[in-house]
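Only one structure is covered here, and it is reproduced in the block below.
Because only heavy atoms are used, hydrogens play no part in the values below, and waters and symmetry mates are left out as well, while side chains stay in.
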Amino acid sequence: DAVIDAFPSVEHWALAGHSLGGSMAARYAAANPDKIDGLALIAAFSDVDLSGSGIATRVIYGTRDGLATVEEVEGGASLLPADAAWVKIDGGNHGQFGWYGEQAGDNPATISHEEQAAQTTDALLALLARIS
């Protein structure tokens with residue numbers, strides 16, 4: 001709230017979060033649908049109902065993710081707006097969405113960090129273009 005309040009000239013706000021940060025971003029968006037126009041869930045899923053929120057939502061996830069599995073991420077579809085965009089990164093894993101290295105329980109990626117980052121960036125830019 002403090003960031004949004006500090007920049008009153010900004011017309012459209014989007015939140016993005018990776019892993020548990022995505023779940024927290026979804027909770028904020030659900031509680032503040034009048035403030036948030038876009039939401040990106042990166043290797044994450046919502047545990048709150050956003051289906052009627054009207055928030056432009058993009059779900060970005062990797063096929064090799066051992067922590068936010070394809071089944072878990074796709075299993076949360078009913079909580080998201082029907083027009084949510086789904087970006088599945090073939091060969092991407094959990095850790096490569098960040099820069100922190102390997103993580104216990106994750107699977108090895110079959111694409112480079114640079115390729116996963118490029119696909120993630122493209123998906124985020126598409127979300128921003130949609131809400132601007």
Side-chain angles (χ1 to χ4, degrees):
D1 288 334
V3 172
I4 291 172
D5 292 343
F7 296 92
S9 64
V10 174
E11 295 179 27
H12 303 285
W13 287 96
L15 288 177
H18 170 246
S19 194
L20 290 176
S23 295
M24 295 303 101
R27 287 182 184 186
Y28 183 87
N32 298 279
D34 56 323
K35 295 180 181 180
I36 303 300
D37 299 305
L39 174 66
L41 302 175
I42 305 168
F45 48 90
S46 179
D47 63 352
V48 294
D49 189 0
L50 292 161
S51 62
S53 69
I55 296 171
T57 302
R58 190 160 294 249
V59 183
I60 306 164
Y61 58 115
T63 61
R64 301 282 302 149
D65 195 320
L67 301 170
T69 66
V70 170
E71 295 77 17
E72 290 173 322
V73 171
E74 291 178 348
S78 65
L79 294 175
L80 300 178
D83 64 349
W86 296 80
V87 180
K88 185 187 295 186
I89 299 179
D90 289 322
N93 72 356
H94 200 81
Q96 285 192 165
F97 283 114
W99 288 89
Y100 56 83
E102 294 182 22
Q103 187 170 355
D106 203 3
N107 296 309
T110 57
I111 61 173
S112 70
H113 182 269
E114 292 76 17
E115 177 60 27
Q116 188 166 336
Q119 289 185 47
T120 302
T121 300
D122 289 346
L124 293 171
L125 290 173
L127 173 65
L128 294 176
R130 180 175 172 200
I131 67 169
S132 63

Exercise. In terms of hydrophobic clustering (I, L, V, M, F, W, Y; side-chain heavy atoms under 4.5 Å; direct or indirect links), are V70 and V59 co-clustered?
Worked result: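 Cluster IDs for V70 and V59 match.
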Enter the distance from [X]:[atom1] to [Y]:[atom2] here, rounded to the nearest 0.5 Å.
| X | Y | atom1 | atom2 | answer |
| --- | --- | --- | --- | --- |
| S53 | D34 | OG | CG | 11.5 Å |
| S112 | Q96 | OG | CD | 7.0 Å |
| D122 | L127 | CG | CG | 13.0 Å |
| L125 | R58 | CG | CZ | 10.0 Å |

Are side-chain heavy atoms of [X] and [Y] found at a separation under 4.5 Å?
| X | Y | result |
| --- | --- | --- |
| E74 | K88 | yes |
| S78 | S51 | no |
| D1 | Y28 | yes |
| P33 | I55 | yes |
| L41 | L80 | yes |
| L124 | L128 | no |
| D83 | R130 | yes |
| W13 | K35 | no |

Problem set entry | From CA spacing to verdict: side-chain contact (heavy atoms from CB on, under 4.5 Å), L15, L39 | CA-CA 5 Å; L15 288 177; L39 174 66; 4.2 Å; yes
Looking at every heavy atom in both [X] and [Y], which two are closest together, and how far apart are they?
| X | Y | answer |
| --- | --- | --- |
| A16 | I42 | CB-CD1, 4.4 Å |
| Y61 | V73 | CG-CG1, 3.8 Å |
| F97 | I60 | CE2-CG2, 3.9 Å |
| A44 | G22 | CB-CA, 3.8 Å |
| I131 | A14 | CD1-CB, 3.8 Å |

Exercise. When you look at I36 and I4, which way does the side-chain contact (heavy atoms from CB on, under 4.5 Å) test go after all the steps?
Worked result: CA-CA 10 Å; I36 303 300; I4 291 172; 4.2 Å; yes
Taking [X] for its side chain and [Y] for its backbone only, find out whether a donor-acceptor pair lies under 3.5 Å.
| X | Y | result |
| --- | --- | --- |
| R64 | N107 | no |
| Q116 | N93 | yes |
| D106 | H94 | yes |
| S46 | V48 | yes |

For this session: Check the angle between the aromatic planes of Y100 and H18 and answer parallel, tilted or perpendicular using the 30° and 60° thresholds.
Result: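 Because their plane-to-plane angle lies in the 30° to 60° range, the rings of Y100 and H18 count as tilted.
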Exercise. Run the side-chain contact (heavy atoms from CB on, under 4.5 Å) check on Q119 and I111 step by step: do they pass?
Worked result: CA-CA 11 Å; Q119 289 185 47; I111 61 173; 4.3 Å; yes
For this session: Look at atom CD of E102 and say whether more than 12 heavy atoms of other residues, nucleotides or ligands are closer to it than 6.0 Å.
Result: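 No, CD of E102 has 12 or fewer neighbouring heavy atoms, counting only those of other groups under 6.0 Å.
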For this session: Output yes when R27 and D47 qualify as a salt bridge under the 4.0 Å nitrogen-oxygen rule, no when they do not.
Result: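 Between D47 and R27 there is a salt bridge, with a charged N closer than 4.0 Å to a carboxylate O.
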For this session: Kindly determine whether F45 and L79 satisfy side-chain contact (heavy atoms from CB on, under 4.5 Å), including the steps that lead there.
Result: CA-CA 9 Å; F45 48 90; L79 294 175; over 6 Å; no
